[in-house]
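Heads up: the structure comes next, in structure tokens.
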Amino acid sequence: MADYDVLIAGAGLIGASLGCALGQDGKARVAVIDAALPVLQNHPSFDDRGLTLSLSSRRILSALGLWDGGLSCTASPIRRIRVTDRGQPGCIRFDAAELGLEAFGHVVSARNLGQALMDKLRGTKDVEVLAPATVSAVRSLRSGIEVSCEQGDTPRKVTARLLVAADGANSPVRAMLGIPVEEKDYVQTAIVANVEVAESEPETAHERFTEDGPLALLPLGGVRHVLVLTVARQEAERFMALPDAELLCHLEARTGGRLGRFTRIGARRAYPLKLIRPSEQIRDRCVLLGDSAHAIHPNGAQGLNLCLRDMAELAGLLRQQLQAGGDPGDRELLDRYLNARLPDQRWVVGFSDLLTRIFYNRDPVKIVLRNAGMILLDLAPSLKRVFALRATGIRGRQPAMVRAALN
Ligand SMILES: Cc1cc2nc3c(=O)[nH]c(=O)nc-3n(C[C@H](O)[C@H](O)[C@H](O)COP(=O)(O)OP(=O)(O)OC[C@H]3O[C@@H](n4cnc5c(N)ncnc54)[C@H](O)[C@@H]3O)c2cc1C
């Protein structure tokens, strides 16, 4: 008999969420292995980055018991979105109230989300956290999978009926399984920092396109915002080293004062941007989840939201299967999971890639066309509605966990 029903490699935001979801009804023997835990302070996934959580993510976190009275207390709502283009008249305005929504989504810090997930995971008695432990090899067995890991200096082998590789965009487990990836380097780097912006429109997220790359500003409450500044890769070092005062001046110039007055900037972090797509998401008794299954450009703030919907679908199917005494590594179940999730994945991955092509562009003709498109879109409420609802993640077929939170 295998040691575990489900073994999750990686307790980042997605692996930890799956652990919480599977530990809810005590039917599964689950373990989560992570290389960076148990210390949260320097955990690479739980940094100070502000993450935009869509409505679907909020519902999933509610279903996990993490939202009401928890994350909701530190989350900042986004009730308006403004998309502008430097030096051009085009502007697309989205207002949640016009669509009958309370908010498009919320901004939470990755650190707060990580802390909430880890607290929940540690309080879940059916989930074992093996950490710090690094997965070093994976071997297929007849009725399970064997995972070798290094826990401190001690090598250890554990077996499971299903292995979930939630070990990030550069997934070592994916490489161990020999799954090839298609990689598109955007040759851009996102520089993320908390900033203070005076005279800004409250509860409003901005996406501003400039010939030097897009800039996003997400509300954290009052003057506080998260800045996501996308720059060409070769410029990243220079931007990271720029004194605060100079960077604030640059931001002022890049936004033309339209987003408010930049007065302070906190510590900066740099993230090289790539699209990573594996050729398969399922192998014998293994499934890729989270950024390991698709890592995308953060321009539409959709990466984690998409991964959470995948997680919710997989968790729902696994819980049903385990409650019925079935095999969690059953190929038919994994195929069902993937078939349910592929349409949403294709749409989000394709759309985020399309955005980089439309908006990271210096060709004057394309800039004029883009602007005309923005003006037309702003004048077409029904089309705007389709885009806005799609971004909230509540359009189309929903995982059961999202549907349950609706009732
Ligand atoms: C700049 C930026 C801004 C973003 N903003 C947004 C946003 O606003 N909204 C949104 O929806 N998404 C956003 N995203 C995307 C989001 O951050 C990711 O989709 C999400 O963090 C992926 O989580 P994950 O758990 O799959 O991977 P990770 O967070 O990378 O976690 C992987 C885990 O695996 C562990 N691990 C790795 N290798 C091993 C091993 N060999 N053995 C054991 N453990 C291992 C690591 O320790 C880690 O804990 C943004 C991304 C970036 C870069």
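Whatever order the structure lists ligands and atoms in, that order sets their numbers, starting from 1. Here the structure is a predicted model, which means the values were calculated and not measured. Every heavy atom of this structure was used, including side-chain atoms; hydrogens, water molecules and symmetry mates were not.
Checked by distance only, ligand 1 and L304 come closer than 3.5 Å through their nitrogen or oxygen atoms. Close N/O approach between I14 and ligand 1 is found [any backbone or side-chain N/O within under 3.5 Å]. Inclusion of Y271 in the set of residues having an N or O under 3.5 Å from an N or O of ligand 1 is not warranted. At under 3.5 Å, a nitrogen or oxygen of A35, whether backbone or side chain, sits near a nitrogen or oxygen of ligand 1. Between L13 and ligand 1, at least one pair of N/O atoms sits closer than 3.5 Å. In terms of polar-atom proximity, T134 is not counted as a contact of ligand 1, lacking any N or O under 3.5 Å from an N or O of the ligand.
With V195 as the fixed residue, the side-chain contact (heavy atoms from CB on, under 4.5 Å) test singles out one of D244, L227, V223, L220: L227.
Ligand-side atoms of ligand 1 in range of G290: 26 (O), range being under 4.0 angstrom from any heavy atom. Near A166, meaning under 4.0 Å from any of its heavy atoms, are these atoms of ligand 1: 32 (C), 33 (C), 34 (O). The distance from ligand 1 to the heavy atoms of T52 drops below 4.0 Å at these ligand atoms: 7 (C), 8 (O), 9 (N), 10 (C), 11 (O). With ligand atoms numbered from 1 in the order given, ligand 1 contributes 42 (N), 43 (C) to contacts under 4.0 Å with heavy atoms of A133. Listed by number with element, the atoms of ligand 1 under 4.0 Å from a non-hydrogen atom of G10 are 33 (C), 34 (O), 35 (C). Listed by number with element, the atoms of ligand 1 under 4.0 Å from a non-hydrogen atom of V192 are 1 (C).
Closest heavy-atom approach to atom 40 (C) of ligand 1 within the set L288, V135, D291, T230: this belongs to V135. The closest heavy-atom contact to atom 35 (C) of ligand 1, among the options N170, D34, N299, comes from D34. Relative to atom 27 (O) of ligand 1, the option among G12, G168, P172, A36 with the closest non-hydrogen atom is G168.
For A16, the heavy-atom gap to ligand 1 stays at 4.0 angstrom or more. Taking a 4.0 Å cut-off on heavy atoms, A9 fails to register as neighbouring ligand 1. Ligand 1 lies nowhere less than 4.0 angstrom from a heavy atom belonging to V228.
A side-chain donor-acceptor contact under 3.5 Å links D167 and S171.
R80 places no side-chain N or O within 3.5 Å of a backbone atom of A205 that could act as its donor or acceptor partner. When atom types are taken as modelled, the side chain of R174 and the backbone of S292 share a donor-acceptor pair closer than 3.5 angstrom.
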ask   = Stepwise, does the side-chain hydrogen bond (donor to acceptor under 3.5 Å, both in side chains) test hold for R208 with T84?
value = CA-CA 5 Å; R208 183 158 175 85; T84 54; 3.0 Å; yes
request  = Would you sort out whether H294 and Q281 count as a side-chain hydrogen bond (donor to acceptor under 3.5 Å, both in side chains), showing the intermediate values?
outcome  = CA-CA 9 Å; H294 36 67; Q281 291 183 40; 5.1 Å; no
task = Test I296 against V348 for side chain to side chain contact (heavy atoms under 4.5 Å, CB included), laying out the working first.
result = CA-CA 9 Å; I296 63 175; V348 173; 3.9 Å; yes
Check against side chain to side chain contact (heavy atoms under 4.5 Å, CB included), L130 and Q151 = CA-CA 8 Å; L130 311 176; Q151 202 162 2; 4.3 Å; yes
query = Can V231 and L229 be said to form a side chain to side chain contact (heavy atoms under 4.5 Å, CB included), step by step?
reply = CA-CA 6 Å; V231 299; L229 179 69; 4.0 Å; yes
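Distance CG/L53 to CG/L304: 6.0 Å, rounded to 0.5 Å. Note that OG of S109 is 8.0 Å distant from CG of L51, once rounded to the nearest 0.5 Å.
Counting heavy atoms under 4.0 Å from ligand 1, residue Q302 touches it through the backbone alone.
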